[in-house]
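Structure record follows, encoded as structure tokens.
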Amino acid sequence: MANIKNMKMAEALLANEKIEFSKSFFGLCTTATYKPTGTRIRGYQNEYSLDVTWAIKSIIGATPGKLGEETAKTSAITPSPNGPIRLDICMTDDQSFAAIQMLRFEDFDYQPTSEVRTFEGEDVKALAKILF
């Protein structure tokens with residue numbers, strides 16, 4: 001699991017009104033919570049090979065409410081060790097909220113290649129089905 005505060009999408013999540021960050025354990029640990037359900041958000045960073053880039057782009061570009069249709073066209077996207085594409089994923093434990101961002105390895109660091117997209121409701125369940 002990845003620390004959400006260290007992700008490139010952290011600033012976008014901090015600006016989201018539906019997400020609350022709280023510090024615990026003497027300010028050393030930060031927890032993100034999705035306010036409408038009160039569920040904890042966990043961060044994941046998965047690396048992928050170039051051949052699944054089109055599938056990731058179709059997921060990121062899907063219109064709200066239509067992600068289930070996009071994922072039905074695609075089989076499960078499996079991570080690849082040391083791939084040049086990374087997908088940062090923040091998802092609640094109850095799969096009611098997710099935020100994703102695609103990054104590409106360039107100049108010895110991962111650089112964002114997409115904006116941060118957020119999904120809610122049934123779209124998150126479809127996203128979890130294809131990515132996890």
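- At least one side-chain heavy atom of L67 sits under 4.5 Å from a side-chain heavy atom of L127.
- Of the inter-residue distances, the one linking T31 atom OG1 with E20 atom CD reads 10.0 Å to the nearest 0.5 angstrom.
- Hydrophobic clustering (side-chain heavy atoms under 4.5 Å, transitive across Ile, Leu, Val, Met, Phe, Trp, Tyr) groups L14 together with I41.
- With no hydrogens or angles considered, a side-chain donor-acceptor pair links Y110 and E47 at under 3.5 Å.
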The test is side-chain contact (heavy atoms from CB on, under 4.5 Å); show your working for Q111 and F105 and say whether it passes.
CA-CA 6 Å; Q111 304 297 325; F105 192 76; over 6 Å; no
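- The distance from the OG1 atom of T78 to the OH atom of Y48 is 8.0 Å, given to the nearest 0.5 Å.
- In this structure, CG in N16 is found 11.5 Å from CE in M9, a value given to the nearest 0.5 Å.
- Note on I85: it does not cluster hydrophobically with L103, by side-chain heavy-atom contacts below 4.5 Å among ILVMFWY residues.
- Taking the side chain as every heavy atom from C-beta outward, I77 and I59 approach each other to under 4.5 Å.
- Of all non-hydrogen atoms in P84 and S49, the two that sit nearest each other are CD-CA, 4.2 Å.
- Here the shortest heavy-atom pairing between C90 and M7 reads SG-SD, 3.6 Å.
- At distances below 3.5 Å, not a single donor-acceptor pair connects side-chain atoms of S96 with backbone N or O atoms of G121.
- A salt bridge between K125 and D123 is absent, with no side-chain N of the basic residue lying under 4.0 Å from a carboxylate O of the acidic one.
- At distances below 3.5 Å, at least one donor-acceptor pair connects side-chain atoms of R117 with backbone N or O atoms of A62.
- For the 3.5 Å distance criterion, the side chains of T39 and D93 fail to qualify, holding no donor opposite an acceptor.
- Annotation for E11: atom CD does not count as buried by contact number, only 12 or fewer foreign heavy atoms lying within 6.0 Å.
- F97 and L131 fall into different hydrophobic clusters, where Ile, Leu, Val, Met, Phe, Trp and Tyr are joined by side-chain heavy atoms under 4.5 Å apart, directly or via other members.
- By the rule that hydrophobic residues join a cluster once side-chain heavy atoms approach within less than 4.5 Å of another member, L87 and F119 end up as members of one cluster.
- Checked for salt-bridge contact, E17 and K35 miss the test: no charged N lies under 4.0 Å from a carboxylate O.
- Across all non-hydrogen atoms, the minimal contact from A99 to L13 is CB-CD2, 3.8 Å.
- Once rounded to the nearest 0.5 Å, the distance linking OG of S22 with CZ of R40 reads 9.5 Å.
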Kindly determine whether K8 and D109 satisfy salt bridge (Lys or Arg N to Asp or Glu O under 4.0 Å), including the steps that lead there. CA-CA 11 Å; K8 303 257 184 199; D109 193 16; 3.3 Å; yes
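- Rounding to the nearest 0.5 angstrom, the gap separating the CD1 atom in I4 from the CD atom in Q45 is 10.5 Å.
- When all heavy atoms of D51 and W54 are compared, the closest pair comes out as O-NE1, 2.9 Å.
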- Task: Decide side-chain contact (heavy atoms from CB on, under 4.5 Å) for I100 and I60; before the verdict, give the C-alpha distance in whole Å, the side-chain angles of both, and the deciding distance to 0.1 Å.
- Result: CA-CA 7 Å; I100 61 173; I60 291 173; 3.6 Å; yes
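- Residues I89 and F132 have side chains in contact (heavy-atom distance under 4.5 Å, counting atoms from C-beta outward).
- A pairwise comparison of heavy atoms in F21 and A32 identifies CE2-CB, 3.6 Å as the closest pair.
- The two residues M102 and S114 make their nearest non-hydrogen contact at N-OG, 3.0 Å.
- In this structure, D107 CG and R104 CZ are separated by 11.5 Å, a value rounded to the nearest 0.5 Å.
- By the criterion of side-chain heavy atoms lying less than 4.5 angstrom apart, applied directly or through intervening Ile, Leu, Val, Met, Phe, Trp or Tyr residues, I130 is grouped together with I56 in one hydrophobic cluster.
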